[in-house]
Student: 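Questions regarding the structure given below will be posed in turn.
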2 protein chains.
Amino acid sequence: MAVDSLSITFAALADPTRRAILARLTAGPARVKELTAPFAMSGPAVSKHLRVLERAGLIARGREAQWRPCRLEAAPLKEVAEWAENYRRFWDANFERLDE
Amino acid sequence: MAVDSLSITFAALADPTRRAILARLTAGPARVKELTAPFAMSGPAVSKHLRVLERAGLIARGREAQWRPCRLEAAPLKEVAEWAENYRRFWDANFERLDE
DNA sequence: AGTGTATCTAACCATTCGGTTAGCTAACCA
DNA sequence: TGGTTAGCTAACCGAATGGTTAGATACACT
């Protein structure tokens with residue numbers, strides 16, 4: 001269930017660790033070890049988060065000797081922004097409540 | 001875990017049924033029965049989705065005789081849009097990959 | 001008072017999620 | 001060749017998710 005890309009993207013973003021990883025990657029690519037450092041969490045746990053992000057198309061992973069550098073792939077975030085924009089008129093205007 | 005509001009909002013949005021409910025509510029408030037109709041799903045299942053949306057602050061529910069009309073509360077979507085906007089430069093520009 | 005409708009709670013079930021530890025593979029270096 | 005490091009998979013665990021059915025509650029209409 002929930003095989004649509006927007007659901008997968010939102011699910012990937014619904015975790016503060018994963019959002020922190022994306023935020024770190026805005027400063028440029030990083031290796032897994034580097035991404036693990038800020039968290040009180042085992043390597044495999046971060047590895048799982050990275051897989052979730054990769055499946056959502058939010059990161060891409062390269063291969064460089066014994067490292068697997070990750071870099072941000074922000075395209076799905078454009079979909080998110082566009083989806084949310086559809087609701088703009090419901091938050092930035094005093095839209096009428098005709099039912100009241 | 002994941003008590004931050006952004007995580008709760010993203011988690012609520014990570015389900016197509018719930019996003020469809022929000023989309024329906026852009027046309028105005030609706031009763032639970034009305035929201036249930038489009039889905040091949042039991043009443044309690046929709047009721048649970050509504051509770052998730054309510055806890056995320058995405059809908060509000062009134063009380064009107066035996067009905068509990070729901071209406072859209074889009075404020076959390078503004079947070080989502082703003083969060084995503086921080087990544088705009090990573091999707092709409094050919095940003096440099098200094099590492100390559 | 002009794003019937004019907006709208007909605008919720010409770011209990012249950014299978015699956016997914018976020019974490020762990022243990023152990024593997026691949027690459028580098030002495 | 002052996003040792004160290006980076007990163008992975010596998011197996012497991014407890015909690016959360018998304019659904020179900022059964023039953024409770026609240027209100028409206030005769």
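Residue numbering restarts at 1 for every chain, and letters A, B, ... go by the order of the sequence lines.
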Student: Arg31(B) has an atom CZ; how far is it from atom P of dA28(D), in whole Å?
Tutor: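 In whole Å, dA28(D) P and Arg31(B) CZ are 12 Å from each other.
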Student: Which nucleotide wins on minimum distance to the side chain of Trp67(B), given the candidates dT7(C), dT20(C), dA22(D)?
Tutor: dT7(C)
Student: Could you check whether the rings of Trp83(A) and Phe10(A) sit parallel, tilted or perpendicular, using 30° and 60° as the cut-offs?
Tutor: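 Geometry flag for Phe10(A) against Trp83(A): perpendicular rings.
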Student: Specify the separation, in whole Å, of atom CD of Glu64(A) and atom C1' of dG7(D).
Tutor: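 In whole Å, dG7(D) C1' and Glu64(A) CD are 14 Å from each other.
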Student: Go through the structure and list residues passing ring pair (Phe, Tyr, Trp, His ring centres under 6.0 Å) with Trp67(A), not counting sequence neighbours.
Tutor: none
Student: With a cut-off of less than 4.0 Å, is there a side-chain N or O of Arg63(B) near OP1 or OP2 of dA26(D)?
Tutor: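 No, because none of the side-chain N or O atoms of Arg63(B) sits under 4.0 Å from OP1 or OP2 of dA26(D).
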Student: Could you tell me whether Glu85(B) and Arg88(B) have a side-chain N and a carboxylate O separated by less than 4.0 Å?
Tutor: yes
Student: Given the rule that I, L, V, M, F, W and Y join up when any side-chain heavy atoms are under 4.5 Å apart, are Val52(B) and Leu22(B) in one cluster?
Tutor: no
Student: Quick one: closest heavy-atom pair of Ala84(B) and Ala81(A), and the distance?
Tutor: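 Closest heavy-atom pair between Ala84(B) and Ala81(A): CB-CB, 3.9 Å.
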Student: Hey, can you pull the residues of residues 45-59 of chain A with a non-hydrogen atom under 4.0 angstrom from DNA chain C?
Tutor: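 Residues of residues 45-59 of chain A under 4.0 Å from DNA chain C: Ala45(A), Lys48(A), His49(A).
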Student: What is the distance, to the nearest angstrom, from the CE atom on Met41(A) to the P atom on dC17(C)?
Tutor: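 One finds 16 Å between P of dC17(C) and CE of Met41(A), rounded.
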Student: Would you say a side-chain N or O of Ser42(B) is under 4.0 Å from OP1 or OP2 of dG19(D)?
Tutor: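 Answer is no, no contact under 4.0 Å.
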Student: Round to a whole Å and report the spacing from CZ of Arg18(B) to C1' of dG19(D).
Tutor: 12 Å
Student: By nearest nucleotide on DNA chain C, pick out whichever of Pro44(A) and Gln66(A) is the more 5' one.
Tutor: Pro44(A)
Student: Whole Å only: how far is the CZ atom of Phe10(B) from the P atom of dG18(C)?
Tutor: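 In whole Å, dG18(C) P and Phe10(B) CZ are 14 Å from each other.
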Student: Whole angstroms only, please: what is the CZ-C1' distance between Arg19(B) and dG18(D)?
Tutor: 15 Å
Student: Do you know which two heavy atoms are closest between Ala56(A) and Ala12(A), and how far apart they sit?
Tutor: CB-CB, 3.8 Å
Student: Once you round it to whole Å, what is the distance between C1' of dG19(C) and CG of Asp15(A)?
Tutor: 11 Å
Student: Toward the 5' end of DNA chain C, which comes first, Ala11(A) or Arg68(A), by nearest nucleotide?
Tutor: Ala11(A)
Student: Can you tell me the Watson-Crick or wobble partner of dA30(C), both distances under 3.5 angstrom?
Tutor: dT1(D)
Student: According to a strict under-4.0 Å criterion, is Arg61(B) in side-chain N/O contact with OP1 or OP2 of dT7(C)?
Tutor: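 Indeed not, no polar side-chain atom of Arg61(B) lies that close.
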Student: Among the candidates dG18(D), dC28(C), dG18(C), find the nucleotide nearest to the side-chain atoms of Ala65(A).
Tutor: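 Closest of the options to the side chain of Ala65(A): dC28(C).
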Student: Less than 4.0 Å between a side-chain N and a carboxylate O, is that true for Asp4(A) and Arg19(B)?
Tutor: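 Salt bridge flag = yes for Asp4(A) with Arg19(B).
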